[in-house]
Q: 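Here it is, the structure, as structure tokens.
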Amino acid sequence: MKVTINDVAKLAGVSIKTVSRVMNNEPSVRQDTVDKVMAAVKQLQYQPNAAARNLASSKSYSIGYVYDNPNAYYIIDMQNGLLEACRKHGYELLIHPTNAKSTNIVNEVLDLVERSRLAGLVLTPPFSEMPELAAELDKKGIDFVRIISGSTPSDKLKNCVLIDDFTAAFRITNHLLDQGHSKLAFLCGDEEHSSSGERLAGFKAALTKRGITLNDDYIIPGTYSFESGVQGAQTLLAMADKPSAIFACNDEIAAGALFCARLSHINIPAQLAIAGFENSPFSRQTWPPLTTANQPNSIIACQAAELLFKACKQTSANANFEQPVFVPELLVRESTRA
């Protein structure tokens, strides 16, 4: 038979209410009592049912992840990181894909929180970059954590996990310059994502610091997709004065550019170097493997969930907002090696 909270209370020699307080990490329980209850939990292999806890309590034990991102690898990594933190704290995760361009998106998110009785939300781009959504969540007293592109913590932001795309892009560009390239092109991601602008800014800053003149024709607008990489590379390779290196805004774009180059019988990296960003499976499954920046999305998501759980326990009077910063690390592979 399934182990219940009654079984835990009986084995630990405490009341059901005390077990509930321990499982909810309430601070007023004595440490020796916590130890007895957790020993019983471990012995019985007790798993609290978050749905039942939601019904029996005024407090919610579910958080939500709202997303609109075509990159399946990114979504899976985010989900895995959030689930790891949820299991640790006894929470359930509600995953809600939606259309960020919907005219009613703010009300849709608010309705989701109310209808599903969520304790809070983890927001990734583009939702994390919508000031109107953040303002409404604040107004309603809904806890949330944003994962956003940025390098400098700010008092104007509540709990955020920052991704320093600028510095990572600067380092990738420097690597390409160190390989002797001076004709560098950039394939952009979706313009509504701050990451695309930050990575482009890092690319331009590295060129400027090294005294390399930027060719504006080498900056190709696009989206975070394989098809965009193919189309962008086609545009670049059709030019009379072709670039010798391409920096793509993510690995999916880079994989598309690599595909296009190989169809044109261009040797990678002897004739054209290609780098991506994020270290998704795309970067490892191509040939040659792609130089990229390692963005640990599962770890980032887990950190975001931990911040959310802290926010759920704090009052506005004692709130201590955190803003950890992740700098994706350069990973050099065969696609750019001289």
Q: Supply the atom-to-atom distance Ile246 CD1 to Thr336 OG1, rounded to the nearest 0.5 angstrom.
A: 13.0 Å
Q: Hydrogens and angles aside, do Tyr67 and Thr98 bring a side-chain donor and acceptor to less than 3.5 Å of each other?
A: no
Q: Between Asp178 and Arg210, does any side-chain N to carboxylate O distance fall below 4.0 Å?
A: yes
Q: Using the rule that Ile, Leu, Val, Met, Phe, Trp and Tyr join whenever any side-chain heavy atoms are under 4.5 Å apart, tell me whether Ile76 and Ile95 fall into a single cluster.
A: no
Q: Is a donor on one side and an acceptor on the other found under 3.5 Å between the side chain of Asp7 and the backbone of Thr4?
A: yes
Q: Pairs of donor and acceptor atoms involving the side chains of residues 237-245, under 3.5 Å and at least two apart or interchain, shall be tabulated with distances.
A:
{"unit_1": "Asp241", "atom_1": "OD1", "unit_2": "Lys183", "atom_2": "NZ", "d": "2.6"}
{"unit_1": "Lys242", "atom_1": "NZ", "unit_2": "Met239", "atom_2": "O", "d": "3.2"}
{"unit_1": "Ser244", "atom_1": "OG", "unit_2": "His181", "atom_2": "ND1", "d": "2.9"}

Q: Let me know which of Val122, Leu112, Ile105, Val113 forms a side chain to side chain contact (heavy atoms under 4.5 Å, CB included) with Val66.
A: Leu112
Q: Could you check if a side-chain atom of Arg30 sits within less than 4.5 angstrom of a side-chain atom of Thr33, using non-hydrogen atoms only?
A: yes
Q: What about Met78 and Ile299, same hydrophobic cluster or not, with Ile/Leu/Val/Met/Phe/Trp/Tyr joined at side-chain heavy-atom distances under 4.5 Å?
A: yes
Q: List the atom of Ile253, the atom of Cys249, and the distance in Å for their closest heavy-atom pair.
A: CD1-CB, 3.9 Å
Q: Using the rule that Ile, Leu, Val, Met, Phe, Trp and Tyr join whenever any side-chain heavy atoms are under 4.5 Å apart, tell me whether Val14 and Val3 fall into a single cluster.
A: yes
Q: Check this for me: Leu110, atom CG, are more than 12 non-hydrogen atoms of other residues, nucleotides or ligands nearer than 6.0 Å?
A: yes
Q: To the nearest 0.5 Å, how far apart are CG in Leu11 and CG in Asn6?
A: 12.5 Å
Q: With the side chain counted from C-beta on, respond yes when Gln295 and Ile300 share a heavy-atom pair under 4.5 Å apart, and no when they do not.
A: yes
Q: Do other residues, nucleotides or ligands put more than 12 heavy atoms under 6.0 Å from the CD atom of Glu191?
A: no
Q: How are the rings of Phe259 and Phe226 set to each other: parallel, tilted or perpendicular (split at 30° and 60°)?
A: tilted
Q: Less than 4.5 Å apart, side chain to side chain, heavy atoms only: is that true for Val109 and Leu121?
A: yes
Q: Do Asn159 and Gln323 have side chains that approach each other closer than 4.5 Å (heavy atoms only, starting at C-beta)?
A: no
Q: For the residue pair Arg333 and Thr292, confirm or rule out a side-chain donor-acceptor distance under 3.5 Å.
A: no
Q: Ignoring hydrogens, what is the shortest heavy-atom contact between Tyr74 and Pro125? Give both atom names and the distance.
A: OH-CD, 3.9 Å
Q: Using a cut-off of 6.0 Å, state whether more than 12 heavy atoms not belonging to Glu114 lie near its atom CD.
A: no
Q: Minimum heavy-atom separation for Leu94 to Ser116, with atom names?
A: CD2-OG, 3.4 Å
Q: Table please: side-chain donor-acceptor pairs of residues 260-269 below 3.5 Å, with sequence neighbours left out.
A:
{"unit_1": "Arg262", "atom_1": "NH1", "unit_2": "Trp287", "atom_2": "O", "d": "2.7"}
{"unit_1": "Ser264", "atom_1": "OG", "unit_2": "Cys260", "atom_2": "O", "d": "3.2"}
{"unit_1": "Asn267", "atom_1": "OD1", "unit_2": "Ala270", "atom_2": "N", "d": "3.2"}

Q: Output the distance between atom CD (Gln231) and atom CG (Leu187), rounded to the nearest 0.5 Å.
A: 11.0 Å
Q: Tell me whether Leu307 shares a hydrophobic cluster with Tyr61, the cluster being built from Ile, Leu, Val, Met, Phe, Trp, Tyr side chains joined at under 4.5 Å.
A: yes
Q: Looking only at heavy atoms, which two atoms of Ser335 and Leu290 are closest? And how far apart?
A: OG-CA, 3.3 Å
Q: Test your reading of the model: is there a side-chain donor-acceptor pair from Asp190 to the backbone of Glu192, 3.5 Å cut-off?
A: no
Q: Under a 4.5 Å cut-off applied to non-hydrogen side-chain atoms, are Ser228 and Thr223 in contact?
A: yes
Q: With distance as the sole criterion, is a donor-acceptor pair present between the side chains of Ser195 and Ser149 under 3.5 Å?
A: no
Q: Rounded to the nearest 0.5 Å, how far apart are CG of Asn279 and CG of Leu331?
A: 5.0 Å
Q: When rounded to the nearest 0.5 angstrom, what distance separates OG in Ser280 from CG in Asn250?
A: 7.0 Å
Q: From Ile220 CD1 over to Cys188 SG, what is the distance, rounded to the nearest 0.5 angstrom?
A: 8.0 Å
Q: Given the rule in the ring-ring contact (aromatic ring centres under 6.0 Å, His included) test, do Tyr218 and Phe186 qualify, once you have shown the distances and angles that lead to the verdict?
A: CA-CA 6 Å; Tyr218 286 169; Phe186 189 90; over 10 Å; no
Q: Aromatic rings His193 and Tyr224: how do their planes relate, parallel, tilted or perpendicular, breaks at 30° and 60°?
A: perpendicular
Q: Check the pair Tyr46 / Ile5 against side chain to side chain contact (heavy atoms under 4.5 Å, CB included), numbers first and verdict last.
A: CA-CA 8 Å; Tyr46 172 63; Ile5 192 171; 3.7 Å; yes
Q: Show the nearest heavy-atom pair for residues Tyr91 and Ala119, with the distance to one decimal.
A: CE2-CB, 4.1 Å
Q: Decide if atom CD of Glu132 counts as having more than 12 heavy atoms of other residues, nucleotides or ligands within a radius under 6.0 Å.
A: yes
Q: Okay, side chain of Ser298, backbone of Asp77: is any donor-acceptor separation there less than 3.5 Å?
A: yes
Q: Taking everything shown except Glu334 itself, do over 12 heavy atoms lie less than 6.0 Å from its CD?
A: yes
Q: Output yes when a side-chain donor or acceptor of Asp68 lies under 3.5 Å from a complementary backbone atom of Ala100, and no otherwise.
A: yes
Q: Just checking, any donor-acceptor pair under 3.5 angstrom between side chains of Asn80 and Glu84?
A: no
Q: Which atom names give the shortest non-hydrogen contact between Phe326 and Pro296, and what distance separates them?
A: CD2-CG, 4.2 Å
Q: Could you check whether any side-chain heavy atom of Leu330 comes within less than 4.5 Å of a side-chain heavy atom of Val332, counting everything from C-beta outward?
A: yes
Q: In terms of hydrophobic clustering (I, L, V, M, F, W, Y; side-chain heavy atoms under 4.5 Å; direct or indirect links), are Ile16 and Val34 co-clustered?
A: yes
Q: Any side-chain donor-acceptor pair under 3.5 Å between Ser15 and Thr18?
A: yes
Q: Cationic tip of Arg199 within the cone over Phe277's six-membered ring, i.e. under 6.0 Å and within 45° of the normal?
A: yes
Q: Quick test of your reading of the model: are Lys88 and Glu306 salt-bridged, counting only N-O distances below 4.0 Å?
A: yes
Q: Would you check if Leu162 and Pro324 make a side-chain contact, meaning some heavy-atom pair closer than 4.5 Å?
A: no
Q: Output, in order, the C-alpha distance, side-chain angles, deciding distance and verdict of side chain to side chain contact (heavy atoms under 4.5 Å, CB included) for Glu278 and Glu252.
A: CA-CA 9 Å; Glu278 288 180 12; Glu252 199 167 350; over 6 Å; no
Q: Looking only at the side chains, is there a donor atom on one of Ser102 and Asn99 sitting less than 3.5 Å from an acceptor on the other?
A: no
Q: When you compare the side chain of Phe309 with that of Cys86, does any pair of heavy atoms fall below 4.5 Å?
A: yes
Q: After noting the C-alpha distance and the side-chain angles of Met38 and Val22, does the key distance pass the side chain to side chain contact (heavy atoms under 4.5 Å, CB included) rule?
A: CA-CA 8 Å; Met38 294 312 296; Val22 171; 3.8 Å; yes
Q: Should Arg171 and Glu329 be marked as a side chain to side chain contact (heavy atoms under 4.5 Å, CB included) after you check the CA-CA gap, both sets of side-chain angles, and the distance that decides it?
A: CA-CA 9 Å; Arg171 292 172 179 171; Glu329 297 180 0; 5.7 Å; no
